[in-house]
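What follows is a short report on a single structure.
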Amino acid sequence: MATARTPLTSLLVGEGGSGGALALAAPGNTWTAPDAYFSVIAPEAAAAILKRPPEQAGATADQLRLRPEDLVGLGIARGVVGPRPVSAEGVRDGA
């Protein structure tokens, strides 16, 4: 990817939780789905390494700043694409 002669775009559609996922992202042209995350490690694994109980994975995710809005704010992703997930009540998130 580093030597490609054509423009590249990456779309993160699920769990990008590895060094390989980071390496394959197109620098400056990465987009994310609204329910994806992007990090070198999953929040559950990070919590375990930090010797935190499993129920602290959410707080660890907050600290890792790996959610779509965080990625845009950090300049890692250009934006969030696609519709927001629909709740059990049929209402779109953030609507």
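Source: prediction; values computed, not measured.
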Go through the steps for R78 and T30 under the test side-chain contact (heavy atoms from CB on, under 4.5 Å), then give the verdict.
CA-CA 6 Å; R78 292 185 71 180; T30 295; over 6 Å; no

Between G82 and P34, what is the shortest heavy-atom contact and its length?
O-CG, 4.1 Å

Is there a side-chain contact between T9 and W31, using heavy atoms and a 4.5 Å cut-off?
yes

Mind checking what makes side chain to side chain contact (heavy atoms under 4.5 Å, CB included) contact with I76, not counting sequence neighbours?
F38, L71, L74

Can you see which heavy atom on T32 is nearest to which on A77, and at what distance?
CG2-CB, 4.2 Å

Testing the basics here: between A33 and P68, what is the closest heavy-atom pair and its distance to 0.1 Å?
O-CG, 3.4 Å

Between L11 and L8, is there a shared hydrophobic cluster once you connect ILVMFWY residues whose side-chain heavy atoms come closer than 4.5 Å?
no

For side-chain contact (heavy atoms from CB on, under 4.5 Å), just list the numbers for D62 and R67, CA-CA rounded to whole Å, side-chain angles, deciding distance to a tenth of an Å, and then say yes or no.
CA-CA 8 Å; D62 291 338; R67 294 183 177 100; 2.3 Å; yes

Minimum-distance pair of heavy atoms, taken over all atoms of I41 and A46:
CD1-N, 3.7 Å

Please report the interatomic distance CD(Q56) to NZ(K51), rounded to the nearest 0.5 Å.
14.0 Å

Scanning both residues in full, the closest heavy-atom pair of T60 with A47 reads OG1-CB, 3.7 Å

Heavy-atom closest pair, residues A57 and P43
O-CB, 3.6 Å

Members sharing Y37's hydrophobic cluster, built from side-chain contacts under 4.5 Å between Ile, Leu, Val, Met, Phe, Trp and Tyr, are L64, L66

